[in-house]
Each structure stands twice: as structure tokens, then as C-alpha cells.
Amino acid sequence: MNYEQAKICDELQFVSQFVPISLHDGIPPWAFMDPTPHLYQTLYTAPDSCKGRCNEKYNRQDVCHCNAKCEKYQNCCDDFHVHCGLDSKEKEPASEEGFSRSDDAVSQEELQKVSEKLYQSDSNKAEESDVTLNKQALASQTKNEEDQCPERLFSSVKEEKLFSKPTYASFIKLLNNYQKKVGKEEDFTAEQLKEQDHFLEEIMKTEVMKELYRFLHDKNRYDTEEAFVADLKEMWFGLYSREREDDSSGFEHVFLGKVDASNT
């Protein structure tokens with residue numbers, strides 16, 4: 001995965017603060033998080049850098065500039081000479097792809113607005129009457145080793161209603177696809193890979209994910225829905241190393257956990 005994908009994850013982590021922790025349209029709550037380590041590469045151009053922006057057309061909204069006249073007007077980015085100067089080995093033209101320009105930047109206000117829109121568009125989440133929670137005690141200290149909530153969290157769940165929904169049903173099929181012991185390499189069968197694809201197909205039918213894609217597309221993050229789904233698959237189901245190569249994934253880490261000796 002590249003830095004642009006990681007940057008999208010960072011932005012959507014903010015969105016997740018406003019989206020309730022539940023299976024929105026069958027979408028995992030960690031869908032907006034970045035579970036994969038070591039993603040930050042050099043493909044993303046910050047709005048205050050000239051990398052990938054040499055000779056870019058003037059835009060008054062940019063925080064600094066990288067064109068031939070920026071020195072005259074004393075508004076060049078600090079690294080102008082590094083990337084666009086006479087001694088620069090790069091002198092790269094302004095990129096036609098990616099999202100380096102400030103008019104593609106996403107503000108916190110925009111993220112809050114789209115998160116609220118996602119919440120309003122979620123018509124398939126469990127209703128209050130579908131699930132009864134047994135909240136028990138409120139743990140004020142996380143280091144307390146005593147179990148203050150020994151009973152089951154869920155007193156009742158309307159499984160027939162909820163689990164028959166396509167997004168929920170396809171999600172449940174994924175739960176038995178993983179090795180539970182830490183350090184045991186994951187090796188998916190062809191059928192299990194199909195189940196991942198089917199889950200992605202089902203959630204992309206929901207208004208929540210359609211709205212999310214529209215937002216990212218309008219912000220020049222993705223040109224096609226296929227590219228968006230490919231990144232989702234990598235972010236959610238792509239394997240990374242915990243104790244050995246390819247022994248964990250974001251999906252497994254959040255929904256299933258791992259067993260290491262006596263710890264889960």
C-alpha cells in the first residue's frame with residue numbers, strides 16, 4: 001500500500017470519531033482505520049512542498065508556490081530549490097495524479113460533514129430494539145485485573161432479522177477464515193478469497209459506501225470505484241507480520257483477535 005492510501009486512512013480515522021461503533025450496513029467500524037504498519041512512503045505531496053509540483057499553475061489558495069515566478073514574488077515553498085531549482089536532479093512537472101494541491105485538501109469541517117452524512121445514510125444498522133445490552137459495571141481503571149462484567153454483554157439479539165441481511169451474512173462467513181494462534185501464517189483458500197470479494201461487493205451496494213466513494217472521488221482520491229475497492233481489500237484483508245510473515249490482518253486483529261499462550 002502506498003502513502004496516498006495511508007493518508008486516506010488518516011483522514012477517515014477522523015470520520016470514524018463521528019460514526020457510531022456498530023456494523024453500519026454491515027461495515028466494520030475499523031473500516032476507516034489503517035491497520036497496516038510502515039505505510040508512509042514518499043508518494044504523497046504535502047501542500048507546503050514542491051515535490052511533484054514544479055511549474056504548477058498558480059492557485060491563490062495554495063500555501064506556497066512552485067512556478068517560475070515564485071522567487072520574484074517571494075512565495076516559493078521552502079523546498080523549491082531542492083525539487084525545482086537549477087541544481088535539482090528532479091525538476092519534475094506538476095503531477096496529474098494524486099492529491100498534492102491545496103484545493104484537494106480535506107478540512108476537518110469537511111470530514112465532520114461527510115461523517116454526519118454517512119451516519120444519516122445508514123439505513124441498515126441494527127435498531128435499538130434489535131439488540132439488548134447487559135452493560136453491567138462501568139470500569140474506570142483499565143489496569144484493574146478483576147473482571148467487573150462477568151456476564152455476557154448481549155442479553156438478546158434478533159439474529160434472524162439481522163443476520164439474514166446480505167452485508168451481515170457475508171461478514172459472518174469471514175469469521176472462520178483465520179488461524180487463531182499468533183505466529184501461524186494465514187493461507188486463504190480460493191473459496192475464502194471469494195468470500196472477501198463477496199463481502200466487498202455487498203457493502204459497496206450500501207448508501208454508506210457509495211457516499212464515501214463519492215466524497216473521495218470528488219476530492220481526487222480515486223478515479224474509479226474499482227481502485228477504491230482494491231484499496232479497501234488491501235487495508236482490511238491485506239496480511240502483515242505480527243510474529244512471523246503474513247500472520248495477521250486488520251480484519252482479524254479487530255474482530256477475532258489472536259491467542260498467545262494464555263493471552264487473547
Side-chain angles (χ1 to χ4, degrees), residues 8-9 11-35 111-140 142 147-178 180 191-216 225 228-229 231-238 248-258 264:
I8 292 166
C9 293
E11 291 163 354
L12 291 179
Q13 283 180 357
F14 182 88
V15 175
S16 69
Q17 298 177 46
F18 301 92
V19 181
I21 304 302
S22 65
L23 281 182
H24 297 292
D25 278 322
I27 301 167
W30 53 269
F32 307 110
M33 301 195 302
D34 166 24
L111 286 171
Q112 182 169 351
K113 184 176 179 180
V114 72
S115 69
E116 292 170 350
K117 198 169 186 178
L118 291 174
Y119 177 80
Q120 294 298 327
S121 66
D122 184 4
S123 61
N124 198 36
K125 62 179 178 289
E127 299 176 0
E128 187 174 351
S129 59
D130 294 332
V131 178
T132 303
L133 296 179
N134 179 20
K135 298 180 181 179
Q136 304 169 68
L138 175 63
S140 59
T142 58
D147 187 356
Q148 300 181 39
C149 304
E151 301 175 8
R152 291 179 178 272
L153 173 62
F154 294 93
S155 298
S156 66
V157 178
K158 292 184 179 179
E159 296 185 6
E160 185 175 351
K161 174 185 176 181
L162 295 176
F163 295 175
S164 62
K165 295 181 179 183
T167 48
Y168 287 67
S170 58
F171 166 78
I172 291 171
K173 286 185 178 180
L174 298 171
L175 299 180
N176 64 351
N177 291 354
Y178 295 88
K180 77 178 177 179
E191 183 61 29
Q192 290 170 339
L193 292 174
K194 287 182 181 178
E195 290 174 353
Q196 294 177 4
D197 291 334
H198 180 62
F199 174 67
L200 293 168
E201 289 172 4
E202 291 297 335
I203 66 169
M204 288 307 299
K205 295 176 184 177
T206 68
E207 190 57 34
V208 171
M209 296 304 283
K210 289 178 181 178
E211 182 60 42
L212 178 58
Y213 171 69
R214 282 194 291 267
F215 174 77
L216 295 174
E225 186 175 301
F228 174 53
V229 173
D231 273 0
L232 284 181
K233 185 172 184 179
E234 177 64 23
M235 285 186 276
W236 297 359
F237 301 111
S248 192
S249 70
F251 182 91
E252 180 186 32
H253 175 71
V254 172
F255 285 103
L256 300 172
K258 283 285 193 181
T264 301

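Scope of the values below: all heavy atoms of this structure, side chains included, with no hydrogens, waters or symmetry mates.
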Drop me the distance from [X]'s [atom1] to [Y]'s [atom2], to the nearest 0.5 angstrom.
| X | Y | atom1 | atom2 | answer |
| --- | --- | --- | --- | --- |
| Ser170 | Lys165 | OG | NZ | 12.5 Å |
| Leu174 | Leu256 | CG | CG | 9.0 Å |
| Lys205 | Glu201 | NZ | CD | 7.0 Å |
| Met209 | Leu232 | CE | CG | 4.5 Å |
| Ser115 | Gln120 | OG | CD | 10.5 Å |
| Glu159 | Ile172 | CD | CD1 | 8.0 Å |

Item to check | Pairing residues for Lys113 by the side-chain hydrogen bond (donor to acceptor under 3.5 Å, both in side chains) criterion, not counting sequence neighbours | outcome: none

Checklist entry - Between Tyr178 and Phe237, is the gap from one ring center to the other below 6.0 Å? => result no

Identify the two heavy atoms, one from [X] and one from [Y], that lie closest to each other, and give their separation to 0.1 Å.
| X | Y | result |
| --- | --- | --- |
| Cys149 | Ala137 | SG-O, 3.3 Å |
| Val131 | Ala126 | CG2-CB, 4.3 Å |
| Gly238 | Ser249 | O-CB, 3.5 Å |

Next on the checklist: For Leu162, is there any backbone N or O sitting under 3.5 Å from a side-chain donor or acceptor partner on Tyr168?
Outcome noted: no

Next on the checklist: Using only atom types and a distance under 3.5 Å, with no angle test, would you say the side chain of Asp197 pairs donor to acceptor with the backbone of Phe199?
Outcome noted: no

Checklist outcome for this item: Those residues at least two apart in sequence (or on a different chain) that pass side chain to side chain contact (heavy atoms under 4.5 Å, CB included) with Glu211 are Lys117, Leu118, Glu207, Arg214

Item to check | NZ/NE/NH1/NH2 to OD/OE distance under 4.0 Å, Lys125 and Asp130 | outcome: no

Checklist entry - For Lys233, does the NZ atom have more than 12 heavy-atom neighbours from other residues, nucleotides or ligands under 6.0 Å away? => result yes

Next on the checklist: With a sphere of 6.0 Å drawn around NZ of Lys194, does it hold more than 12 non-hydrogen atoms of other residues, nucleotides or ligands?
Outcome noted: no

Item to check | Side-chain heavy atoms of Trp236 within contact of Leu200, under 4.5 Å | outcome: yes

Item to check | pair Thr167-Thr206: side-chain heavy atoms closer than 4.5 Å | outcome: yes

Item to check | Pair Arg152-Asn134, side chain to side chain contact (heavy atoms under 4.5 Å, CB included): steps then yes or no | outcome: CA-CA 7 Å; Arg152 291 179 178 272; Asn134 179 20; 6.0 Å; no

Item to check | By salt bridge (Lys or Arg N to Asp or Glu O under 4.0 Å) - contacts of Lys158 (at least two apart) | outcome: none

Next on the checklist: Set out, in order, the CA-CA distance, both residues' side-chain angles and the distance that settles side chain to side chain contact (heavy atoms under 4.5 Å, CB included) for Thr132 and Phe154, then state yes or no.
Outcome noted: CA-CA 6 Å; Thr132 303; Phe154 294 93; over 6 Å; no

Checklist entry - Please walk me through it: do Phe228 and Met204 pass side chain to side chain contact (heavy atoms under 4.5 Å, CB included)? => result CA-CA 10 Å; Phe228 174 53; Met204 288 307 299; 3.9 Å; yes

